[in-house]
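Below, chains carry the letters A, B, ... as their sequence lines are ordered, and counting in each starts from 1. These values consider heavy atoms only, across backbone and side chains, with no hydrogens, waters or symmetry-generated copies. If you're wondering where the values come from, they're calculated on a predicted model, not measured in any experiment.
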Amino acid sequence: MDPVRVRFAPSPTGHLHLGSARTALYDYLIARKTGGQFILRIEDTDQKRLVEGAEQEIYDGLHWLGLDWDEGPDVGGPYGPYRQSERKEIYQKYALELVEKGYAYYCFCSPERLSEMRTGQQQRKEPVVYDGTCRNISLDEARSRVAAGEKHVIRFKTPRTGATTMTDLLRGAITVENRMLDDYILVKSDGLALYHLAAAVDDHLMKITHVIRSSEWLPTAPLHSMIHRSFGWQEPVWVHLSVFLKPSGKGKMSKRDAAELVKDGHSIFIKELENLGYLPEAVLNWVALMGWSFDDHTEFFTKQALIESFTLDRLNPSPAAINFQKFDYFNANYIRMLTDAELAERIKPFFDREGLPADLFTLTRIAPIIRERLTTLDDAIDMAGLFFRPFPQLTADQLPGKDMTPEMTANVIRSAIEVFEPLPSLDKDATEPFMRSEVDRLGLTPGQAFGTLRVAVTGQKVSPPLFESMEIIGKQAIMERLQAALSLLSA
RNA sequence: GCCCCCAUGGUCUAGCGGUUAGGACACGGCCCUUUCAAGGCCAUAACAGGAGUUCGAGUCUCCUUGGGGGCACCA
C-alpha cells in the first residue's frame, strides 16, 4: 500500500474517550504501516463549545497511549496551522470561491426564522431542511447586502434533484437523494467555517489520502464528497468506523452511563483509565480488536505487531458493545508480562497516591507474589498495602482456622516461634518445609495452620502467599507479631 | 417522522457458495491449592424471520423485524 496521510481530528470539547482513541489508533497504525504521516488536527471552529484543558488532554492521552503524531499544532509541519481556529481566512477564501462558482450562496435568514421553519416542517412531516428562500437572491444583490454589513451565512447549494453517490471503503456505494441533503451552512455569521467546509478544505490542503472517522458522519458523507467535487478536488478514501455501544449493547454511551462506569472501576475516558490502573498497551490491544480482527485466533498484539498486522479491509462496519470484562482480561495479562522492576515502577505511583511509604526495592520484591493477582495496577494496594501499613490490632477470635480450638491455635503459633527462632532469616526455602512437617505433627491441615499464621502475621484473612510474605515482612516483625498473637490467645 | 448504516452464542469476533459453524471474554462444573489469584481440563451457548437465486446459502438478492446513527450558525 502507498504511504497514506491520515489525520486524527478531535474537537477539544470534552474528554478523550475510547472511541476517539480507537480512531487515532487506526490512523496511527495505517500511517506507520505504510510509512506515511499521522497528523493531529484540532477542530475548534466552535469557540463556544471549547472546554478548558481539553486540548491538553488530547495530547496527554495520545502520548500515554504511545500514539505519536508527525504533524500537529504542537510539533508543526509543512501544512499548518493545524488548529482550525487559526485557519479562518483560508476557509473564507474557499467559501468565496464556491460562491463565485455558483456552488454556494449568501443567506440572510435569521436563526428565529429558521427555527420556525423547522417546527413547521416537523408538523407537516416533511424533511427538515432549509427551504431555499435566499437561493433566489441574485449574487449582485447579495453582495451589496453583505457589503452593507447585513448579517449573513454562506450555504452550500445542494442540487434539488438527483442523487449523490460516494464510496465508503467498508460499505461500498452510499447513495442519498439530494433533496434529503440540506443546504448546509458552510460559514457562520461570525465568519468562521463550520465542520463541513473546514474539514474538506483542510483534508485537501493537508493532502489527506484517507479520512478515517466515526460513522456518525455517514449521512453527511455525500455532502462532503460534493464539496470536494465542487472544488474539482480528488476525494480522499472514506472510511467510516463503527460506533461503540454501551456494554448492554443498547445505545451509545451517555454522560450518565459514563459516570456510572467509574463506580465499577471502569471508564471510557482515557485519562480516567490511567488512574484506574490500566496499562496503555492493554487499552490499545483491547480497543484495536473492537471493530478490527486479524484472524480467527490471534488476540494479543503489541503495538509493533498491530502495525505489522493492521489492514483497513479487515475493519468491521457493525456497531460493537464495549466489553469491560475482556478489557480486564487483557489488562491482567499485560501486567503479567511485566518484569519485577517494571511492575514495581508502575505500581509505585498508586502507593504514593495512598500515602503509603513504598520504596522501589521492596516493591520489586513484592512484584512476583502479587503479579498474577492483579487485574489493574491499583489492585496492588489491596494486595500489598499490608507491607507498608501499621499492623492492625487483632482480637483472639480472629486467629483460629476452621474447626480449631484456641489450644490448637496457640500450638501452631508456638511451634512457629520455635521453628523460626534459631533461623538467621525467614527465607521461604527454610521456613516452609519446617512448618509443613510441624503441621503434620500437630495433626492439622495446611489450610488450618497456615490460615492462623496468615492472620497472625499479616493481620488479614486474605494475603499473598504466606511464606513469601513473611520473607518480606522480615524476621523481627514476624516474631513480634507471633508473640503478640500468642499473648492474645492466653489472655 | 424522514434519511443512512448494521445484523453469527450474553459480549468481541472468524467465516468471503459445500465447515461436526472456529477462537476469545464472561458464566457453570471438575482438577490443582496455605487464603486470594493464576493455571489445566470439561460443559452450556449463535447464523433474527420470510421469500428468492443455486445441485447446494451463515455466505448472493429482496422484503420484514430488530438495533444503531443522523436530521443545528455542534463536531
Side-chain angles (χ1 to χ4, degrees), chain A residues 9-11 13 43-46 48-49 107 109-111 114-115 118 121-129 151-155 168 170-171 174-177 179-182 184-190 192 194-196 198-199 213-222 240 242-243 245 247-252 286 289-300 314 316-330 332 336 370-375 379 382-383 401 432 435-436 439 445-455 458 460-467:
Chain A
S11 67
T13 53
E43 308 227 321
D44 57 348
T45 52
D46 188 356
K48 289 192 298 290
R49 292 207 312 152
C107 171
C109 295
S110 68
L114 293 173
S115 109
R118 274 192 285 268
Q121 288 167 333
Q122 266 157 11
Q123 278 161 7
R124 278 169 274 134
K125 296 183 176 172
E126 295 167 5
V128 180
V129 294
K151 223 169 167 48
H152 66 278
V153 300
I154 297 177
R155 284 182 184 274
D168 174 80
L170 310 182
R171 292 159 246 260
I174 294 181
T175 302
V176 180
E177 300 285 329
R179 61 186 179 81
M180 293 303 172
L181 288 171
D182 208 344
Y184 286 92
I185 292 176
L186 265 20
V187 179
K188 294 183 282 191
S189 55
D190 65 3
L192 243 179
L194 245 27
Y195 176 87
H196 304 297
R213 54 164 31 166
S214 155
S215 66
E216 61 197 27
W217 292 110
L218 218 38
T220 44
H240 291 90
S242 63
V243 290
L245 273 25
S248 63
K250 302 282 178 211
K252 220 161 70 158
W286 173 54
L289 258 19
M290 290 176 61
W292 176 83
S293 62
F294 179 67
D295 58 18
D296 64 342
H297 64 279
T298 315
E299 57 175 4
F300 280 91
R314 292 198 62 84
N316 185 336
S318 48
I322 295 180
N323 183 346
F324 286 100
Q325 276 74 40
K326 187 94 180 208
F327 185 26
D328 285 341
Y329 166 79
F330 274 118
R336 279 177 228 142
I370 64 168
R371 177 164 31 223
E372 67 197 22
R373 282 159 242 274
L374 306 180
T375 296
D379 288 343
D382 287 340
M383 225 50 245
E432 184 169 357
M435 280 316 295
R436 284 201 184 273
V439 168
T445 65
Q448 290 175 313
F450 296 160
T452 289
L453 289 180
R454 182 186 312 284
V455 173
T458 67
Q460 301 178 356
K461 262 194 147 83
V462 175
S463 81
L466 180 61
F467 296 99

Sub-3.5 Å donor-acceptor pair from the side chain of [X] to the main-chain atoms of [Y], do we have one?
X	Y	value
Asp295(A)	His297(A)	yes
Arg314(A)	Ser293(A)	yes
Arg454(A)	Pro464(A)	yes
Glu43(A)	Ala199(A)	no
Ser215(A)	Leu218(A)	no

Applying a 4.0 Å non-hydrogen cut-off, can you work out what [X] is touching in the nucleic acid: base, sugar-phosphate, or nothing?
X	answer
Leu466(A)	base
Asn316(A)	sugar-phosphate
Arg179(A)	nothing
Ser214(A)	nothing
Pro222(A)	nothing
Gly451(A)	nothing
Arg171(A)	sugar-phosphate
Trp217(A)	base
Thr175(A)	sugar-phosphate
Ser463(A)	base
Pro464(A)	base

**Request:** Test for a donor-acceptor pair under 3.5 Å between the base of C6(B) and the side chain of Ser318(A), counting only N and O atoms.
**Result:**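 Donor-acceptor pair under 3.5 Å: no.
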Report yes if the side chains of [X] and [Y] come closer than 4.5 Å at any heavy-atom pair, otherwise no.
X	Y	value
His152(A)	Cys107(A)	no
Met435(A)	Leu466(A)	no
Leu186(A)	Arg155(A)	no
Tyr329(A)	Trp286(A)	no
Gln460(A)	Val455(A)	no
Thr220(A)	Tyr195(A)	no
Gln325(A)	Phe330(A)	no

Take the protein atom [atom1] of [X] and the nucleotide atom [atom2] of [N], then report the distance between them rounded to whole Å.
X	N	atom1	atom2	value
Asp379(A)	A38(B)	CG	C1'	14 Å
Phe450(A)	C36(B)	CZ	P	15 Å
Leu114(A)	C73(B)	CG	P	6 Å
Arg155(A)	C73(B)	CZ	C1'	8 Å
Met180(A)	C2(B)	CE	P	9 Å
Ile322(A)	A24(B)	CD1	P	23 Å
Asp182(A)	C74(B)	CG	P	13 Å
Arg49(A)	C74(B)	CZ	P	9 Å

Between [N] and [M], how far is it from one [atom1] atom to the other, in whole Å?
N	M	atom1	result
G23(B)	G56(B)	C1'	27 Å
C73(B)	G58(B)	P	48 Å
U61(B)	U53(B)	C1'	7 Å
U11(B)	C5(B)	P	24 Å

**Prompt:** Is it the case that more than 12 heavy atoms not belonging to Arg179(A) sit under 6.0 Å from its CZ atom?
**Reply:**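 Atom CZ in Arg179(A) is not crowded, with 12 or fewer foreign heavy atoms closer than 6.0 Å.
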**Message:** Let me confirm one number: the CG-CG distance from Asp382(A) to Leu374(A), rounded to the nearest 0.5 Å.
**Reply:**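 Reported to 0.5 Å precision, the distance equals 10.0 Å.
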Establish, with yes or no, whether the OP1 or OP2 oxygen of [N] is under 4.0 angstrom from a side-chain nitrogen or oxygen of [X].
X	N	result
Asn323(A)	A24(B)	no
Ser293(A)	A14(B)	yes
Tyr195(A)	A75(B)	no
Arg371(A)	C36(B)	no

Out of [options], which has the shortest distance to the side chain of [X]?
X	options	answer
Leu218(A)	C36(B), A75(B), C4(B)	C4(B)
His196(A)	U35(B), A75(B), C25(B)	A75(B)
Asp46(A)	G70(B), A38(B), C74(B)	C74(B)
Lys326(A)	A38(B), C12(B), A75(B)	C12(B)
Arg336(A)	U34(B), C4(B), A38(B)	A38(B)
Asp296(A)	C73(B), U34(B), G22(B)	G22(B)
Ile174(A)	C5(B), G69(B), A14(B)	C5(B)
Met383(A)	C36(B), C74(B), A26(B)	C36(B)
Arg373(A)	A24(B), A37(B), U13(B)	A37(B)

**Prompt:** If you find the nucleotide of RNA chain B closest to Pro127(A) and the one closest to Pro317(A), which residue's nucleotide is nearer the 5' end?
**Reply:**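 Taking each residue's closest nucleotide, the earlier one in sequence belongs to Pro127(A).
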Sort out the partner of [N] for me: Watson-Crick or G-U wobble, both distances under 3.5 Å, none otherwise.
N	value
C2(B)	G70(B)
A24(B)	U11(B)
A51(B)	U61(B)

Please enumerate all protein N or O atoms sitting under 3.5 Å from an N or O of nucleotides 30-33 of chain B, with distances to 0.1 Å.
none

Please list, pair by pair, any protein nitrogen or oxygen found under 3.5 Å from a nitrogen or oxygen in nucleotides 58-68 of chain B.
residue, atom, partner, partner atom, Å
G68(B), OP1, Gly251(A), N, 3.3

Could I get a table of every N or O pair under 3.5 Å where one atom is in the protein and the other is in nucleotides 46-48 of chain B?
none

**Item:** Cationic N near anionic O, under 4.0 Å, Glu299(A) to Lys326(A)
**Value:**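 Counted as a salt bridge, because a side-chain N and a carboxylate O are separated by less than 4.0 Å.
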**Asked** Can a donor-acceptor pair be found between the side chains of Arg213(A) and His240(A) at a distance below 3.5 Å?
**Response**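 Side-chain D/A pair, Arg213(A) to His240(A): present.
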